[in-house]
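Heads up, the thing below is written out as structure tokens.
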There are 2 protein chains.
Amino acid sequence: MEPFFTIHHSDTSCSARTGILALPHGPVSTPVFMPVGTNGTVKAITVDDLSAIGFEIILSNTYHLYLRPGLEVISAAKGLHPFMNWQRNILTDSGGFQVFSLAPFRKIRDQGVEFRSHLDGSTHLLSPEGVVEIQTLLGSDIQMQLDVCTKWGVSYKEAENALGITADWLKRAKQTWVEKADNGYEGKLFAIVQGNFFKELRERSAALAAEADTPGIAIGGLSVGEEGDVFQEYLAYTAALLPREKPRYVMGIGTPQYILEAIEQGIDMFDCVLPTRTGRTGRVFTRRGDISIKRADREFDFSPLDPQCTCKVCREYSRAYMRHLFKTQEILCSMLASYHNLYFLHSLVTDARRAIEENRFLQFKEDFLKQYTELPGMGE
Amino acid sequence: MEPFFTIHHSDTSCSARTGILALPHGPVSTPVFMPVGTNGTVKAITVDDLSAIGFEIILSNTYHLYLRPGLEVISAAKGLHPFMNWQRNILTDSGGFQVFSLAPFRKIRDQGVEFRSHLDGSTHLLSPEGVVEIQTLLGSDIQMQLDVCTKWGVSYKEAENALGITADWLKRAKQTWVEKADNGYEGKLFAIVQGNFFKELRERSAALAAEADTPGIAIGGLSVGEEGDVFQEYLAYTAALLPREKPRYVMGIGTPQYILEAIEQGIDMFDCVLPTRTGRTGRVFTRRGDISIKRADREFDFSPLDPQCTCKVCREYSRAYMRHLFKTQEILCSMLASYHNLYFLHSLVTDARRAIEENRFLQFKEDFLKQYTELPGMGE
């Protein structure tokens with residue numbers, strides 16, 4: 001059988017590496033940025049455009065799909081892929097993060113986590129076993145264990161407690177997933193490392209995740225309110241604890257800086273709503289730093305969003321037109337800005353892969369960030 | 001010089017005819033439905049998709065563009081075509097209709113119509129000459145004279161007064177347009193027939209429009225609140241008054257019934273916001289009548305929006321998915337519904353053209369409407 005993850009090349013000057021994930025809906029080149037399609041659609045972009053940009057995998061949210069349209073509908077559609085008409089891979093999260101961030105009430109029990117829906121207040125229970133069942137029913141190519149995520153600033157005791165539950169739930173998730181795999185399910189399960197901002201706990205959680213021997217491992221509990229240097233420190237520290245041969249996924253990061261930092265530390269996968277969410281607010285990436293298309297001085301600015309970008313939006317539309325669309329609240333503004341921002345991150349990661357293959361990732365990162373953060377034109 | 005309008009074939013059984021408009025941005029086959037791009041974008045669809053569907057001309061609104069982004073911006077962009085990246089033809093209205101329907105205040109003076117912006121209350125004046133100047137600056141392929149539109153139910157005297165002003169403004173518009181044309185402007189000017197629901201006034205207005213000898217003539221003041229049978233009566237009556245050799249345009253109609261009625265009466269052009277506006281509210285055309293995708297019984301309905309439609313939305317997405325997108329307020333819902341509705345009307349008109357060429361338009365209309373209005377599945 002084809003191995004799930006093959007490392008193609010490791011940069012000689014840092015931990016960055018390229019590789020291939022062999023997944024049910026086609027191979028995925030890593031490092032990879034995954035757009036987020038919360039409700040079974042990446043907001044304001046078609047699957048045709050996602051394919052055209054070159055995305056090989058997107059993320060969707062179990063919590064949201066479980067509540068709407070509900071599992072019966074997706075089951076009747078024969079899975080999330082046909083439901084949303086996406087032919088390539090889908091990673092689903094476990095719903096744990098949303099339970100902790102969106103639900104107005106939740107309580108951790110032995111069985112799992114009980115919560116009230118943020119939509120209608122109805123009560124639900126997600127168990128580690130049930131979450132594997134759900135993601136299997138969705139047809140996820142990669143699924144996540146149910147975990148307990150903690151915010152920046154919690155006590156050691158609280159973080160340790162969350163870690164313990166996460167580890168227990170990992171065992172139960174693994175067992176259910178093995179049963180599913182024995183019955184022909186081809187999706188892969190990822191463990192999640194927690195431990196908040198305590199190195200000892202990160203170590204313990206990483207060891208437990210490695211021991212569970214899932215196909216891949218995610219680093220959770222980062223980008224939860226901490227400062228950038230703390231993020232970097234704990235990202236590097238945790239990544240180094242993980243087995244080299246497994247793909248590593250950091251959840252919820254999407255700024256160019258964080259992505260490059262993650263790649264340098266040997267992270268293979270990341271996702272974020274950032275490119276589409278900020279796109280809808282009129283913020284777009286450029287190689288000289290992010291810009292707001294709302295600004296008055298864009299009114300007569302007929303240059304592309306990013307003069308260095310080769311995407312169809314930058315080839316065909318001006319900042320002045322984008323500003324006009326934003327001011328008139330036209331849907332096309334969200335469509336074009338989301339497309340550009342996704343294309344931008346896809347290009348960034350594609351360029352990073354090439355740099356790794358040529359053992360020049362650190363130089364690439366330095367050059368990119370110098371232009372992105374230091375040259376005139378950024379930081380608006 | 002190539003004639004502006006060539007009639008290709010007249011159906012032997014009614015007044016319907018096919019033809020070609022020779023316009024600066026390519027030929028347009030008639031009868032033609034024109035999507036409306038109020039703010040320089042047809043809502044929730046890209047120009048690439050408009051081209052792919054096959055639209056050869058779209059409409060945009062002078063009133064809206066004049067207020068936002070303003071003429072200076074579009075002038076700096078070298079016209080509306082490059083500004084919005086649309087390579088084919090654009091028809092612009094005169095702004096008159098919007099002044100009467102949107103502006104919180106307006107007063108007709110000798111010079112033109114003074115009004116307050118519905119956006120910021122600022123005061124503006126549109127004159128018949130100025131409106132030609134504006135549309136020329138926009139680079140419109142077809143432009144409309146400034147006119148005075150009246151609602152259903154006004155008095156004879158009020159309708160006659162509006163007609164008189166419209167006729168006076170036509171002369172002034174024509175003169176300015178001739179000057180522009182002499183200076184190289186290639187867009188065409190259309191006169192507008194008013195007269196409300198008084199046959200004598202319609203006759204007088206049609207005669208004045210014919211006398212002015214503009215390249216085309218529009219029938220205004222229909223679909224302003226009257227019943228369907230009154231619409232039909234006055235459409236037929238007015239159309240028959242117009243010179244056969246000029247293209248005839250009815251403004252603001254977009255239901256399949258009204259479009260087919262207009263084609264039967266020898267109308268060549270029509271436009272409406274209906275397909276995109278209703279699409280955004282979850283209503284879509286089908287050959288068995290319009291349906292709402294919101295309805296609860298769509299939840300498990302995995303059939304296409306319209307099983308008889310060949311558009312990419314109908315080939316690739318289900319009603320159940322569309323309902324889910326609507327319930328979760330996803331932008332993709334507006335995108336896909338707008339695409340389908342525009343494709344539907346484009347197909348309807350394309351089929352109508354073929355039927356005319358084969359002298360079977362009346363049969364085509366009867367067959368279409370029977371299925372559209374009478375068979376099970378419609379009228380939701």
Side-chain angles (χ1 to χ4, degrees), chain A residues 37-49 52 61 64-65 67-70 72-78 80 82-87 119 276 279-280 298-302 312-313 315-336 338-339, chain B residues 37-49 52 61 64-65 67-70 72-78 80 82-87 119 276 279-280 298-302 312-313 315-336 338-339:
Chain A
T38 300
N39 290 311
T41 160
V42 179
K43 289 189 196 304
I45 189 168
T46 63
V47 289
D48 292 345
D49 273 345
N61 292 115
H64 289 92
L65 294 172
L67 294 177
R68 279 193 310 200
E72 278 185 56
V73 171
I74 296 183
S75 179
K78 301 188 169 60
L80 183 57
F83 185 59
M84 67 179 290
N85 186 37
W86 172 246
Q87 318 292 336
L119 295 173
T276 45
R280 293 196 303 284
R298 310 281 177 231
E299 192 176 5
F300 290 90
D301 183 350
F302 293 99
K312 66 179 178 186
V313 177
R315 288 198 314 269
E316 298 179 357
Y317 301 92
S318 66
R319 293 176 176 182
Y321 183 61
M322 291 293 289
R323 177 179 188 272
H324 165 64
L325 294 179
F326 186 86
K327 298 293 265 187
T328 49
Q329 300 180 293
E330 286 288 347
I331 289 175
L332 188 63
C333 185
S334 294
M335 293 164 63
L336 298 180
S338 298
Y339 184 99
Chain B
T38 300
N39 290 310
T41 161
V42 179
K43 291 192 194 300
I45 188 167
T46 62
V47 289
D48 292 344
D49 274 345
N61 292 115
H64 289 93
L65 295 172
L67 293 177
R68 276 194 311 200
E72 276 186 57
V73 170
I74 295 183
S75 179
K78 301 188 171 56
L80 183 55
F83 185 58
M84 68 179 289
N85 187 38
W86 172 246
Q87 317 292 334
L119 294 172
T276 44
R280 294 197 303 283
R298 310 282 175 228
E299 192 176 6
F300 289 91
D301 183 350
F302 293 100
K312 67 179 178 186
V313 177
R315 288 198 315 269
E316 298 180 355
Y317 301 92
S318 66
R319 293 175 176 185
Y321 183 61
M322 291 294 289
R323 177 180 187 272
H324 165 65
L325 294 180
F326 186 86
K327 300 293 267 185
T328 50
Q329 301 179 293
E330 286 287 347
I331 290 174
L332 188 62
C333 185
S334 294
M335 294 163 63
L336 298 180
S338 299
Y339 183 98

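So you know, we letter chains A, B, ... as the sequences are listed, proteins then strands, and number each from 1. Quick caveat: nothing in here was measured; it's all calculated off a predicted structure.
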Toward chain A, the part of Tyr317(B) with a non-hydrogen atom under 4.5 Å | side chain
NZ-CD distance between Lys43(A) and Gln329(B), expressed to the nearest 0.5 angstrom = 9.5 Å
Applying a strict 4.5 Å limit to non-hydrogen atoms, the region of Phe300(B) in contact with chain A is side chain
Give the member of Ala320(B), Gly40(B), Cys333(B), Ala44(B) that has the highest number of heavy-atom pairs under 4.5 Å with chain A.
-> Ala44(B)
Would you mind telling me which of Leu336(B), Leu119(B), Thr41(B) has the largest number of heavy-atom pairs within less than 4.5 Å of chain A?
-> Thr41(B)
Quick one: pull up CD1 in Ile331(A) and OG1 in Thr46(B) and give me the separation to the nearest 0.5 Å.
-> 13.0 Å
Exam field: side chain Arg68(B) to backbone Lys327(A), donor-acceptor pair closer than 3.5 Å = yes
To the nearest 0.5 Å, tell me how far His324(B) NE2 sits from Asn39(A) CG.
-> 5.0 Å
Please look at Tyr321(A) and chain B and tell me whether the side chain, the backbone, both or neither of the residue comes under 4.5 angstrom of a heavy atom of that chain.
-> both
Should Val73(B) and Arg323(A) count as side-chain neighbours, where that means a heavy-atom distance under 4.5 Å?
-> no
Roughly how far, to the nearest 0.5 Å, is CG of Leu67(A) from OG1 of Thr328(B)?
-> 12.0 Å
Pick from Leu325(B), Ile45(B), Ile74(B): which one has the most heavy-atom pairs with chain A under 4.5 Å?
-> Ile45(B)
Using non-hydrogen atoms and a 4.5 Å limit, figure out which bit of Glu330(B) sits close to chain A: side chain, backbone, both or neither.
-> side chain
